[in-house]
There are 2 protein chains.
Amino acid sequence: MQKRPPRQPLSQQQVIDLLDSHGVQPTMQRQEIAQVLFARDQHLSADDVLKQVNQDSARVSKATVYNTLGLFAAKGLIREVIVDPSRVFYDPNTCEHHHFYNVDTGELMDIDADQLALMNLPTLPAGTVADGVDVIIRIRNQASA
Amino acid sequence: MQKRPPRQPLSQQQVIDLLDSHGVQPTMQRQEIAQVLFARDQHLSADDVLKQVNQDSARVSKATVYNTLGLFAAKGLIREVIVDPSRVFYDPNTCEHHHFYNVDTGELMDIDADQLALMNLPTLPAGTVADGVDVIIRIRNQASA
DNA sequence: GGGTGACGTAGACTTTGTCTAAAAACTCGA
DNA sequence: TCGAGTTTTTAGACAAAGTCTACGTCACCC
């Protein structure tokens, strides 16, 4: 768990420091991807990242986007959010928090940890350690069937 | 929410009644699929169901398996569980409960609702209604990195 | 210069799931 | 029983997300 990072576009130096501090070599491609991820408080799929990174002619390959997102997640820079069977979202907010997921629109919204408390965490199965707790509140638009 | 259904293999009549009572026409294929789903307390992917239904020469097509699982979920017979980016699991237990998901093994285990309480449900975004709450506790094997 | 290791890449490939068009199976009244 | 209309099933084509492979490039170090 780390402090919530700032949400204005980061300077190149800030991005480099961020990567460095998580033990990630700050290559050009990784910096580009980090810029996109941390530019604003948003939840992006791999494909979103791929499109945004490549929209103004800077070219990063699909394989690199997937590799990098996996690396960032493994290093704790971002968090995978699994709510939609068709794709994984990546969340630059690594503070403890949870999610609303609008089934109709595909929209994903944060819920601050202090808005939703969990009581009585159950004992884990023997030989296992906790890796994280995800709470997803699925919502629908009122009008929809 | 309904009572937890029995978990011994169901008689054909029980299956027919179960489908009927949820407003699902009990065709042969749907009965076969329901038998597999409700045979034991287990979480199956669509592919698991497809294989089990077809293992002893009874033939149900892929399209029908997917259609039927979707129908059963829509009618509240089973519940979709989204924990793994690569596939959806179907849970015959529709009582309120949550899940452990072992990231190392892919194993999915139930947590009874009374083992884990949620406090302070946050207010929903305007114009939306709740559709369900999923809590997933991700766990790893102790030995693994 | 030449070796080494980390990184990036294109494109083929895999897997999960959806779609389409047609066939088969029920329903129900006459 | 016939036949029209509806529902269900089907094979196979298709789509999308993600992975893999084999190679290319670059930095570093001797």
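Just so we're clear, the structure is a prediction, and the values are computed from it rather than from any experiment. Naming convention: chains lettered A, B, ... in sequence-line order (proteins, then strands); numbering from 1 in each chain.
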* With A:F100, the side-chain contact (heavy atoms from CB on, under 4.5 Å) member among A:R138, A:E107, A:M109 ->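 Considering A:R138, A:E107, A:M109, a side-chain contact (heavy atoms from CB on, under 4.5 Å) with A:F100 is found only for A:M109.
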* Side-chain N,O (B:R59) to OP1/OP2 (D:dT9) below 4.0 Å ->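 For D:dT9, OP1/OP2 do not have a side-chain N/O of B:R59 under 4.0 Å.
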* Asked: Do the side-chain N or O atoms of B:S61 get closer than 4.0 angstrom to the phosphate oxygens (OP1, OP2) of D:dT10?
  ->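 Yes, because at least one side-chain N or O of B:S61 sits under 4.0 Å from OP1 or OP2 of D:dT10.
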* Asked: Which part of the nucleic acid does B:T27 contact within heavy-atom distance under 4.0 Å: base, sugar-phosphate only, or nothing?
  ->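 It contacts sugar-phosphate atoms only.
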* If you look at every strand shown and take non-hydrogen atoms under 4.0 Å, does B:S86 touch a base, only sugar-phosphate, or nothing? ->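 Sugar-phosphate contact only - B:S86 comes under 4.0 Å of backbone atoms but never of a base.
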* **Atom of A:I78, atom of A:P92 and distance for their closest heavy-atom approach** =>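 Smallest heavy-atom distance, with atoms named: CG2-CA, 4.0 Å.
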* **Over all atoms of both residues, closest heavy-atom pair of B:D104 and B:N141** =>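 Where B:D104 meets B:N141 most closely, the heavy atoms are OD2-N, 2.7 Å.
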Would you kindly give the [atom1]-to-[atom2] distance between [X] and [N], to the nearest whole Å?
X     : N      : atom1 : atom2 : answer
A:E80 : D:dA17 : CD    : C1'   : 13 Å
A:N67 : D:dG18 : CG    : P     : 13 Å
A:D47 : D:dA16 : CG    : P     : 10 Å
B:L71 : D:dT8  : CG    : P     : 8 Å
A:Y66 : D:dT21 : OH    : C1'   : 17 Å
A:D84 : D:dA16 : CG    : P     : 14 Å
A:Q29 : D:dA27 : CD    : C1'   : 14 Å
B:E32 : D:dT9  : CD    : P     : 11 Å

* Asked: If you measure only the distance, is there a donor-acceptor pair under 3.5 Å linking the side chains of A:S86 and A:D84?
  ->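 Distance-only check passes for A:S86 and A:D84.
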* Asked: From the 5' end of DNA chain C to its 3' end, which nucleotides mark the outer limits of contact with chain A, defined by a 4.0 Å heavy-atom distance cut-off (strictly under)?
  ->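 So the contact region on DNA chain C extends C:dC7 to C:dA12.
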* Applying side-chain hydrogen bond (donor to acceptor under 3.5 Å, both in side chains) between B:D91 and each of B:H97, B:Q42, B:R79, report the one that passes. =>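 It is B:H97; the other options fail the test.
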* Which comes earlier along DNA chain D counting from the 5' end, the contact point of B:R30 or that of A:R87, where each point is its nearest nucleotide? ->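 Nearer the 5' end of the strand: B:R30.
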* To do: Kindly assign one of parallel, tilted or perpendicular to the pair B:H99 and B:H43, based on the angle between their ring planes and the thresholds 30° and 60°.
  =>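 If you compare the ring of B:H99 with that of B:H43, the planes turn out perpendicular.
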* From the options D:dG12, D:dC20, D:dT9, select the nucleotide whose nearest atom is closest to the side chain of A:A63. =>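 Minimum distance to the A:A63 side chain belongs to D:dC20.
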* Asked: Does any N or O in the side chain of B:D20 come within less than 3.5 Å of the main-chain N or O of B:D17, such that one atom is a donor and the other an acceptor?
  ->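 No: the side chain of B:D20 does not pair with the backbone of B:D17.
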* For B:Q25 and for B:S45, locate the closest nucleotide of DNA chain C by heavy-atom distance; then report the residue assigned to the nucleotide nearer the 5' terminus. =>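 Of the two residues, B:S45 wins.
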